[in-house]
Amino acid sequence: MIWRFAGWVLALLFCDFTAAPVWESYPQHYFRPPVHGAMYLSGTFGELRPNHFHTGIDVKPAGGKTGQAILAAAEGYIERIKVEAAGYGKVLYIRHPNGYTTVYAHLQNFTPEVEEYVKKVQYTRQQFYVNLHPKKQEFPVKKGQEIGKLGNSGSSSGPHLHFEIRQSATGLPLNPLLFGLDFKDPLPPQLHQLKVYALNDKLETTDSRVYAIEKKDRAFSIKGDTVVLGAWRAGFALRTYDHMPGGAKQNGIYKLELLKNDSLRYDFEFEKLEFGESRYANAHMDYQERILKKGNFHRCFTLPGNRLSFYKKNEEGGVVALFKDKATKITLHVKDVSGNVSSLTFWIKRGEISALPSPVFNYKLPWNQENIISNEDVELTFPKGTFYEDCYLRFQKTNDNSANYLSPVHRIHDYKTPVHLYYKIALTPSAPLPENLKTKAFIAFCNRNSKIQNCGGFWKGEKLIAEVRSLGDYSIMLDTVAPLILPKLFSKNMQQSEKMTFKITDNFPPSGKAKDLRYRATVDEKWILMEYDAKNDLLIHRFDGRISTGEHKLRLEVTDDRGNKAVFEDTFTR
């Protein structure tokens, strides 16, 4: 591959065509911001996240802490209440009479009347997780009414409010910033890196190179203005973020356009997103850059297995044919939802094409058909659409003499290739297992950090089968170790305590479709509510008067995916 570049020109343009559109299809200023005061964002709609697109906006807390009042964006009623250990944590859904529903996730708590409603159901069902649909008249709300407190529940990585606006009839998430919320952003997006891909006649990447982008005054620049690429066709990707006053410096963009010789060839905008398409984010982004360097590159060309529907223009999949004696002009416009725009213009032409070495692989797996690999001790079944492009899969088997491994270790390609669908892996142990140990055997995945994860599994004849969603190293292992229960806030005298907490962990965390830790707590043989904070491995019981004064006996049971059970018993006084 031959790369030469000279005379790049990159300019920041503010042209009339970039003026912010009037979204006449959305009611303007019907919804108010869900917090008092200015609204600062740490996440935007459509932002690239691991394995998905972000379907709302993340509102930063005042002072950076939990407890800020969360307000109803408009008049309506609470249609749904959900509580879960991961995901959205504590979340409210408010339905409005104009055909839209607003969502408020990662809450610290609901209002007292809603908290009591939820807790009553939790005690009736004897479970922490609930997904409730109150009657329309039970919890009406007014615009600006407090509905809860900003929190950090669920899979949140820090205190914030995740806020969404959806179509009530379809559940389709829409960009909240298109509804005229009181939000000001005078800053244009920032361009950080350009990636250029050499593509063969099958539109497969044969080489790539990343160019750093510099900013001087109000203009961006990269040395040179023409890149010479040793390939017949090229694709491009851009690492770009939207900087906002008081918000995060790596928020997601709203719109990206690619023009070839001033003619629009490819563009997308984050106006709305389909939940069923969200995992295709792995096809839209440069997955390896995300995994290896945590860089969010938006592809400006589509992989063959990319089924996203938000591309407005996608001529020839965004791929640009190259000519040896004629440079092609490429322009990239990046826009935020406020209409601010940054642009990059450069030229590209074809150079000398060198012979490339053939890829080393064991199996070629076409992306658009089912693929099955089978031999005496492993069977892999990849459904149609598992990959976004043909996978030249490398496969290696090694025999590990460690007593921990009950089968060879099967290295299935590598973790840098994304997998869209669950695929089936069936492994045969090196030697037959005693019947009493079969229920303790599991498909083990060794992740990129050399940590073993439990993918579960069930027996069919002499094969142990699991459904998994990552490529890498797999084997059969045993789990006969019970989870660990560690008291964090618990003593004999709990008279002055507001809560008791326990940390629960397992030797092999679950992955794929394996079950998370299950638990049950009782006081004097009566079920008590333990809130589960999965990201911190914490069980929390908040004393609310249900446990009377005097001495009591606590019993806590925790069970893992393979049925190993730990029990903690002790007495305490209230």
Asker: Between Arg546 and Glu116, does any NZ, NE, NH1 or NH2 come within less than 4.0 Å of an OD or OE carboxylate oxygen?
Answerer: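 The answer is yes: the pair qualifies as a salt bridge.
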Asker: Sub-3.5 Å donor-acceptor pair from the side chain of Arg279 to the main-chain atoms of Val419, do we have one?
Answerer: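 The answer is yes, because a donor-acceptor pair under 3.5 Å joins these two groups.
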Asker: Does Glu289 form a salt bridge (charged side-chain N to carboxylate O under 4.0 Å, His left out) with Arg239? I'd like the steps, not just the answer.
Answerer: CA-CA 10 Å; Glu289 291 284 350; Arg239 187 168 77 89; over 6 Å; no
Asker: Just wondering, do Thr102 and Phe31 contact through their side chains at under 4.5 Å, heavy atoms?
Answerer: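 Yes. Closest side-chain heavy atoms under 4.5 Å.
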Asker: Quick check on side-chain contact (heavy atoms from CB on, under 4.5 Å): which of Asp537, Leu517, Val558 does Asp506 satisfy it with?
Answerer: Leu517
Asker: What residue among Lys553, His552, Lys492, Arg555 forms side-chain hydrogen bond (donor to acceptor under 3.5 Å, both in side chains) with Asp570?
Answerer: Lys492
Asker: Closest approach of Pro159 and Pro61, non-hydrogen atoms and distance?
Answerer: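 Shortest heavy-atom separation between Pro159 and Pro61 comes out as O-CD, 3.2 Å.
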Asker: Within the 4.5 Å heavy-atom criterion, are Asn152 and Lys535 side-chain neighbours or not?
Answerer: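 The answer is yes, as the side chains (C-beta and beyond) meet within the 4.5 Å cut-off.
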Asker: Ignoring hydrogens and geometry beyond distance, is a side-chain donor-acceptor pair present between Tyr280 and Ser278 at under 3.5 Å?
Answerer: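 No donor-acceptor contact under 3.5 Å links the two side chains.
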Asker: Between Phe128 and Met530, does the side-chain contact (heavy atoms from CB on, under 4.5 Å) criterion hold? Intermediate values first, please.
Answerer: CA-CA 7 Å; Phe128 167 64; Met530 284 280 192; over 6 Å; no
Asker: Do Thr66 and Gln108 pair up side chain to side chain, a donor and an acceptor below 3.5 Å, judged on atom types alone?
Answerer: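 Short answer, yes.
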Asker: To the nearest 0.5 Å, tell me how far Ile528 CD1 sits from Ile547 CD1.
Answerer: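 Rounded to the nearest 0.5 Å, the CD1-CD1 separation comes out at 5.0 Å.
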Asker: Out of the candidates Ser470, Pro510, Ser511, only one should pair with Cys455 under the side-chain contact (heavy atoms from CB on, under 4.5 Å) rule; please name it.
Answerer: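 Only match with Cys455 under side-chain contact (heavy atoms from CB on, under 4.5 Å): Ser511.
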Asker: May I ask you to check whether Thr111 and Glu146 show a side-chain donor-acceptor distance below 3.5 Å?
Answerer: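 On atom types as modelled, these side chains do not qualify, holding no pair under 3.5 Å.
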Asker: Looking at Asp544 and Lys119, does any basic side-chain N land under 4.0 Å from a carboxylate oxygen?
Answerer: yes
Asker: If we count only N and O atoms by modelled type, under 3.5 Å, do the side chains of Glu164 and Tyr88 hold a donor and an acceptor together?
Answerer: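 The answer is yes; a qualifying pair exists.
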Asker: If you measure only the distance, is there a donor-acceptor pair under 3.5 Å linking the side chains of Asn454 and Asp479?
Answerer: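 No.
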Asker: Does the side-chain contact (heavy atoms from CB on, under 4.5 Å) test come out yes or no for Thr44 and Glu47, once each step is laid out?
Answerer: CA-CA 6 Å; Thr44 51; Glu47 196 166 276; 3.2 Å; yes
Asker: For Tyr422, does the six-membered ring have the charged nitrogen or CZ of Lys513 within the cation-pi criterion, i.e. under 6.0 angstrom from the centroid and within 45° of the normal?
Answerer: yes
Asker: Report yes if the side chains of Arg574 and Phe543 come closer than 4.5 Å at any heavy-atom pair, otherwise no.
Answerer: yes
Asker: Decide if the gap between the ring center of Phe445 and the ring center of Tyr474 is smaller than 6.0 angstrom.
Answerer: yes
Asker: To the closest 0.5 Å, what do you measure between CZ (Arg411) and CG (Asp473)?
Answerer: 4.0 Å
Asker: Go through it in stages, so that I can follow the logic: the residues are Phe568 and Phe490, the test is ring pair (Phe, Tyr, Trp, His ring centres under 6.0 Å), and I'd like the CA-CA distance, side-chain angles, deciding distance and then a yes or no.
Answerer: CA-CA 12 Å; Phe568 175 89; Phe490 181 82; 5.7 Å; yes
Asker: Tell me if a side-chain donor or acceptor on Asn449 pairs with a main-chain N or O of Lys451 at a distance below 3.5 Å.
Answerer: no
Asker: Could you tell me whether Lys397 and Asp377 make a salt bridge, using a distance below 4.0 angstrom between a side-chain N and a carboxylate O?
Answerer: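 Here Lys397 pairs with Asp377 in a salt bridge, since their nearest N and O are under 4.0 Å apart.
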Asker: Quiz question: by atom type and distance under 3.5 Å, do the side chains of His410 and Ser475 form a donor-acceptor pair?
Answerer: no
Asker: Does some side-chain heavy atom of Met285 sit less than 4.5 Å from a side-chain heavy atom of Arg299?
Answerer: no
Asker: Indicate the atoms forming the closest heavy-atom contact of Tyr40 with Gly246, along with that distance.
Answerer: CB-O, 3.5 Å
Asker: Salt bridge check: are Asp414 and Lys416 linked by an N-O gap of less than 4.0 Å?
Answerer: yes
Asker: With a 3.5 Å distance limit and no angle check, can you tell me whether Asn371 reaches the backbone of Pro366 through a side-chain donor-acceptor pair?
Answerer: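 Confirmed, Asn371 side chain pairs with Pro366 backbone.
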Asker: Determine whether Phe508 and Val481 satisfy the following criterion, side-chain contact (heavy atoms from CB on, under 4.5 Å), listing intermediate values before the conclusion.
Answerer: CA-CA 9 Å; Phe508 299 118; Val481 179; over 6 Å; no
Asker: Side chains of Leu365 and Asp390, heavy atoms from C-beta outward: is any pair under 4.5 Å?
Answerer: no
Asker: Taking the basic N atoms (NZ, or NE/NH1/NH2) and the acidic carboxylate oxygens, is any pair closer than 4.0 Å for Lys135 and Glu138?
Answerer: no
Asker: A side-chain contact here means heavy atoms from C-beta on lying under 4.5 Å apart; do Asn564 and Thr559 qualify?
Answerer: no
Asker: Kindly compute the distance separating NE2 (His52) from CD (Glu277), expressed to the nearest 0.5 Å.
Answerer: 15.0 Å
Asker: Please evaluate residues Thr101 and Ser168 with respect to the criterion side-chain hydrogen bond (donor to acceptor under 3.5 Å, both in side chains), reporting the C-alpha separation (whole Å), side-chain torsions for both, the decisive distance (0.1 Å), and the verdict.
Answerer: CA-CA 5 Å; Thr101 296; Ser168 296; 2.7 Å; yes
Asker: Which pair of heavy atoms, one from Phe387 and one from Pro418, lies closest together, and at what distance?
Answerer: CD2-O, 3.9 Å
Asker: Please tell me if the side chains of Leu107 and Leu161 come closer than 4.5 Å, counting only heavy atoms from C-beta onward.
Answerer: yes
Asker: Would you kindly check if the NZ (Lys) or CZ (Arg) of Arg290 is within the cone defined by 45 degrees around the ring axis of Phe297 and under 6.0 Å from the six-membered ring centre?
Answerer: no
Asker: Taking everything shown except Lys440 itself, do over 12 heavy atoms lie less than 6.0 Å from its NZ?
Answerer: yes
Asker: Could you tell me if the side chain of Ile291 sits less than 4.5 Å from the side chain of Tyr415, heavy atoms only?
Answerer: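 Yes, side chains in contact.
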Asker: Less than 4.0 angstrom from a charged side-chain N to a carboxylate O is my criterion; do Lys90 and Glu115 meet it?
Answerer: yes
Asker: Is a side-chain donor or acceptor of Arg520 paired with a backbone partner of Leu556 at a separation under 3.5 angstrom?
Answerer: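 No; judged by distance alone, with no hydrogens or angles, the pair does not exist.
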Asker: Between Phe382 and His420, is the ring centroid distance below 6.0 Å?
Answerer: no
Asker: With a 4.0 Å cut-off on N to O distance, would you call Glu379 and Lys463 a salt bridge?
Answerer: no
Asker: What heavy-atom pair brings Leu529 and Tyr123 nearest, and what distance separates the two atoms?
Answerer: N-OH, 3.3 Å
Asker: List the atom of Arg307, the atom of Trp367, and the distance in Å for their closest heavy-atom pair.
Answerer: NH2-CH2, 3.0 Å
Asker: Under the criterion side-chain contact (heavy atoms from CB on, under 4.5 Å), I'd like the reasoning laid out for Ile94 against Tyr77: C-alpha separation, chi angles, the key distance, then a yes or no.
Answerer: CA-CA 5 Å; Ile94 297 179; Tyr77 64 94; 5.9 Å; no
Asker: Distance-only, no hydrogens or angles: does the His160 side chain make a donor-acceptor pair with backbone N or O of Gly158 under 3.5 Å?
Answerer: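 Indeed, once roles are kept as given, a pair shorter than 3.5 Å links the two residues.
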Asker: Using every non-hydrogen atom in the two residues, find where Phe53 and Gly46 come nearest and quote the distance to one decimal.
Answerer: CD2-O, 3.4 Å
Asker: Measure the CG-OH distance between Asn399 and Tyr405 for me, rounded to the nearest 0.5 Å.
Answerer: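 Atom-to-atom, Asn399:CG and Tyr405:OH are 12.5 Å apart.
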Asker: If only atom types and distance count, is the side chain of Ser407 paired as donor or acceptor with the main-chain N or O of Ile476 below 3.5 Å?
Answerer: yes
Asker: Rounded to the nearest 0.5 Å, how far does CG of Asn493 lie from CD of Gln495?
Answerer: 4.5 Å
Asker: Taking atom NE2 of His413 and atom CG of Asn362, what is their separation to the nearest 0.5 Å?
Answerer: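 That separation rounds to 10.0 Å.
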Asker: Would you say Glu525 and Thr522 are linked by a side-chain donor-acceptor pair, where the criterion is simply a distance under 3.5 Å?
Answerer: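 Side-chain D/A pair, Thr522 to Glu525: absent.
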